[in-house]
Each structure stands twice: as structure tokens, then as C-alpha cells.
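In what follows, chains carry the letters A, B, and so on, assigned in the order in which the sequence lines appear, proteins first and then strands, with residues in each chain numbered from 1.
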There are 2 protein chains.
Amino acid sequence: MSDLGTVDVSLTADEKFGEFLESRQMKYTTERRIIVDEVFSSHDHFDAEDLVAKLHRRRDGRRVSRSTVYRTLGYLVDAGLLRKMALGNREVYEHDYGYPQHDHLYCQQCSTLIEFKNDSLRSLRDEVCREHGFRPVSHRLVIYGTCANCNRSRVSKRRLDMV
Amino acid sequence: MSDLGTVDVSLTADEKFGEFLESRQMKYTTERRIIVDEVFSSHDHFDAEDLVAKLHRRRDGRRVSRSTVYRTLGYLVDAGLLRKMALGNREVYEHDYGYPQHDHLYCQQCSTLIEFKNDSLRSLRDEVCREHGFRPVSHRLVIYGTCANCNRSRVSKRRLDMV
DNA sequence: TTTCATGCAAAATGTTTGCACACGA
DNA sequence: TCGTGTGCAAACATTTTGCATGAAA
């Protein structure tokens, strides 16, 4: 997983979620805490069922049902803590809060996801929007292809084939 | 629907699909012809169920079952005639063959989809890929926000509110 | 103690598949 | 004719929902 560093934020994800819940008269339950802990313990992209599996197989007291996982993921997106995006034919979540805006390179060979940041891309996006009188809120860009590693292997393989 | 013109191609979509089917020892059946006709009769974006509905409600002899619609859409993508992409939480199809490469502005207010073409974007994409040793095959970019029309209405509304 | 959340099971959605019959080349 | 395709219904995969019980504030 690429690491683009962080964006300074005054609250932890946990605190931010607490504020969100409070503002909506919702409760910060044990289950919601378990989910936030799990989700923010690593920076990997994951889909709903990945998380269900992790939290469902637990033998300790920290099991959470499928419905609660799905419901809570929705709230985390609403709270601005997670972003949901389509990757091939999977729907994956990634950290949004405290993490810089970025786009993705997705290797169709080995399924590696590379994050990258490019400021010109952002300006170009805004310029296009301006030309259309369009007010951008967000965007999703995924470039599909093959990564450096896979390109290397293929070249080696091709060379071997030639021998 | 925006119209970006066409790209010159030597075969009609129908002929191209015929070639594809032949190359795979598949048959160009009545149902497949009905689907190609319908899909290429307009440039709108549509999802599988839109098409199922259109072809299922027909009273003439041109009804096609749900399974055949789904199966054929897959072949049309494989044949390079259609592109599939995520739009919000829908999966929509659009023409690929004979249509220029482009990206999308999606209005979250009125659900309008605006297509645009921007060559700098393409070069920038390729530059980013080069920096990462990544070989691009395709990409999906959707910018979410509000369109000129909706921005106008909102401004008017705001002005009225102030009176 | 009141209000909201959970877990379960059922339902809803979107898509794929096995199979008997039908059709295209 | 032969091999493929179709339609149907059933299976699947994913996500949502109604409801009785349980926990947070």
C-alpha cells in the first residue's frame, strides 16, 4: 500500500465520529467503537464483507453482526470518515478523514492498488469544471492497466520465450 | 446528453459484433440483433435493468429475456462495443465503439450526465503512469457536483430567500 | 426510563447459472 | 444435423429492513 502521509486534523477519527453521532442524536455504542477501531487500525482498502468476516469470526466479545457493519459503514461515509468507490466490480472503502485527496492506479494483473497525488490533475479538473459552469464536489479516478512489477515480469517472460 | 461526435470506424456496430461472434464461433441470433439495435438506437447511458424493461415489455415479436440481456451485455463489452462504468451506485453502459474517449461530469442534483473531452487530461494521465512505471489501459473519471443549471436555480432561490 | 441500536431472519436487488427445448449455420 | 442459444426458474451475492430484545444516556 502506498502511503501519502496525512493531513493535519484536530480530532481523531473516533472523536470526529462521536461528534457526528451526537449531532444526529445517535449513540456511540460498543459495536460502533469496535468498527471504528478496526477500520482505522490499518490503511488498507476493504469491502463490506471483508469487514464482516473480520468482525464476525472473533471469539472475544468484539463480534458485530452483518447488519450493524453495513449500517455503520454508511454512517462513516456520511460522517466523512470513509470514501466508497468502485474498483473493477468491487465496492471498496478507504480512509477519507485525515488523509490527502488522491487518485488510483489499479493493476489488473496482480490487483495492486497504488495511490498517487497530483496537483496538476486537480487544477485541470477544476478548469474543466469552470468551462462547464459545473461546481465540483468530488471525483473518482481509477486508471486501469499493469503495474511496474507486472510489466517487468512480462518482459522477462517475453525474453525467456525468445530463447 | 452531450454529443462529442464520432470516431471514424470502418464497420458498423452490428458488423463489428458479427465479426466478434464469428471469431468466437458464436451465432448472431435474432435476440442479439434486437439488443444491438436497441442499444445503438440512441446514445443514452443505461443500466441492465433499463434494457431488460424495454425489451421485456414489448408486445411485438421482439421480446428478449432477462438472462439473454445480461449475457449479451457482457459480450458487447468484450467485443469493445460498450463500456461499463459505476455512476453513483448504478452500473451503466455507454457506447465505446465509434465514440471518442471522454470523461464525465455528474450532477448530484438533477442526475444529468455531461460528457467532456480533454486532451491535456489524457497526457497528464499518461505522465503520471510513466512516473510509476505503470502501463495504462483505460481509466474511469467521474466528477461529482452540481451542473450549471442547478447552480443557477440555487442562486435564484438564494436571491429570493433574501427578499 | 426513554430512546435508540442490535441481531436475526426475511426481503429486496442485481446478476448468474443449470437445464430442457429451440434455432442458426 | 450439430452445436450453440434461449427462457425459465432457481441459485447467488450483496445489501436493506422489520421486529423483538438489549444497551446507552
Side-chain angles (χ1 to χ4, degrees), chain A residues 14-15 17-38 45-79 82 84-93, chain B residues 14-15 17-38 45-79 82 84-93:
Chain A
D14 179 80
E15 289 165 343
F17 195 40
E19 282 202 347
F20 169 84
L21 292 172
E22 197 175 350
S23 77
R24 298 239 238 151
Q25 280 99 261
M26 294 167 74
K27 294 170 181 171
Y28 208 158
T29 61
T30 309
E31 290 79 4
R32 289 177 183 163
R33 283 182 205 282
I34 292 170
I35 291 171
V36 171
D37 279 3
E38 182 60 48
H45 292 64
F46 63 94
D47 65 27
E49 287 300 320
D50 290 338
L51 188 57
V52 168
K54 262 190 200 161
L55 295 179
H56 205 64
R57 81 165 82 96
R58 289 200 171 159
R59 294 259 142 247
D60 54 15
R62 301 170 70 73
R63 308 176 106 234
V64 182
S65 72
R66 167 169 284 103
S67 350
T68 298
V69 169
Y70 275 93
R71 278 187 284 239
T72 306
L73 283 173
Y75 299 137
L76 289 172
V77 169
D78 292 346
L82 292 181
K84 190 180 186 177
M85 64 168 200
L87 201 66
N89 38 19
R90 251 177 20 135
E91 290 286 333
V92 302
Y93 293 88
Chain B
D14 180 79
E15 289 165 341
F17 195 40
E19 281 201 347
F20 168 84
L21 292 173
E22 200 175 348
S23 76
R24 298 240 238 151
Q25 280 97 261
M26 293 168 74
K27 294 170 181 173
Y28 208 157
T29 62
T30 309
E31 289 79 4
R32 289 177 182 163
R33 282 182 205 282
I34 292 171
I35 292 171
V36 171
D37 280 4
E38 182 61 47
H45 292 65
F46 64 94
D47 65 26
E49 287 300 321
D50 290 338
L51 188 55
V52 168
K54 262 190 200 163
L55 295 179
H56 205 65
R57 82 165 82 97
R58 288 199 172 160
R59 294 260 140 245
D60 54 16
R62 301 172 70 73
R63 309 175 106 232
V64 182
S65 73
R66 167 170 284 104
S67 350
T68 298
V69 169
Y70 275 93
R71 279 188 283 239
T72 306
L73 283 172
Y75 299 138
L76 288 171
V77 169
D78 292 345
L82 293 181
K84 191 178 186 178
M85 63 169 202
L87 200 68
N89 39 18
R90 256 181 11 139
E91 290 286 334
V92 303
Y93 293 88

Checklist entry - Looking at D/dT15, D/dA24, D/dG7, which one has an atom nearest to any side-chain atom of A/Thr30? => result D/dA24
Next on the checklist: For a quick check of understanding: with a heavy-atom distance under 4.0 Å over all strands, which category does B/Ser67 fall into, base, sugar-phosphate or nothing?
Outcome noted: base
Checklist entry - What orientation do B/Tyr93 and B/Phe46 show, parallel under 30°, tilted 30 to 60°, or perpendicular over 60°? => result parallel
Next on the checklist: Taking side chain to side chain donor-acceptor pair (under 3.5 Å) as the criterion, tell me which of B/Arg90, B/Arg66, B/His56, B/Lys54 meets it with B/Glu49.
Outcome noted: B/Arg66
Item to check | Given D/dG7, D/dT15, C/dT6, the nucleotide with the shortest approach to the side chain of A/Thr29 | outcome: C/dT6
Next on the checklist: Atom CD of residue position B/Glu22 - does it have more than 12 heavy atoms of other residues, nucleotides or ligands inside 6.0 Å?
Outcome noted: no
Next on the checklist: Distance check needed: D/dT6 P versus B/Met26 CE, whole Å only.
Outcome noted: 8 Å
Checklist entry - Counting only side-chain N and O atoms of A/Tyr70, is one of them less than 4.0 Å from OP1 or OP2 of D/dT16? => result no
Item to check | Distance in angstrom units between B/Arg33 CZ and C/dG24 P, rounded | outcome: 10 Å
Next on the checklist: Closest approach to the side chain of B/Arg71, judged atom by atom: which nucleotide of D/dT14, C/dA25, D/dG7 is it?
Outcome noted: D/dG7
Checklist outcome for this item: A/Leu55 atom CG is separated from C/dG7 atom P, nearest whole Å, by 10 Å
Checklist entry - For B/Tyr75 and D/dG5, what is the distance between atoms OH and C1' respectively, to the nearest whole Å? => result 8 Å
Checklist outcome for this item: Whole-Å distance, A/Leu73 CG to D/dT15 C1', equals 11 Å
Next on the checklist: Between P on C/dT1 and NZ on A/Lys27, what's the gap in Å once rounded to a whole number?
Outcome noted: 15 Å
Next on the checklist: When you measure from the side-chain N and O atoms of B/Arg32 to the phosphate of D/dT6, is any distance below 4.0 Å, counting only OP1 and OP2?
Outcome noted: yes
Checklist entry - Starting at CZ of A/Arg66 and ending at P of D/dT16, how long is that distance when rounded to a whole Å? => result 12 Å
Item to check | N or O in side chain of B/Ser65 less than 4.0 angstrom from D/dT6 OP1/OP2 | outcome: no
Checklist outcome for this item: When rounded to whole Å, the OH to P distance for the pair A/Tyr93 and D/dT14 reads 13 Å
Next on the checklist: Over all strands shown, is A/Arg63 touching base, sugar-phosphate only, or nothing at heavy-atom distances under 4.0 angstrom?
Outcome noted: sugar-phosphate
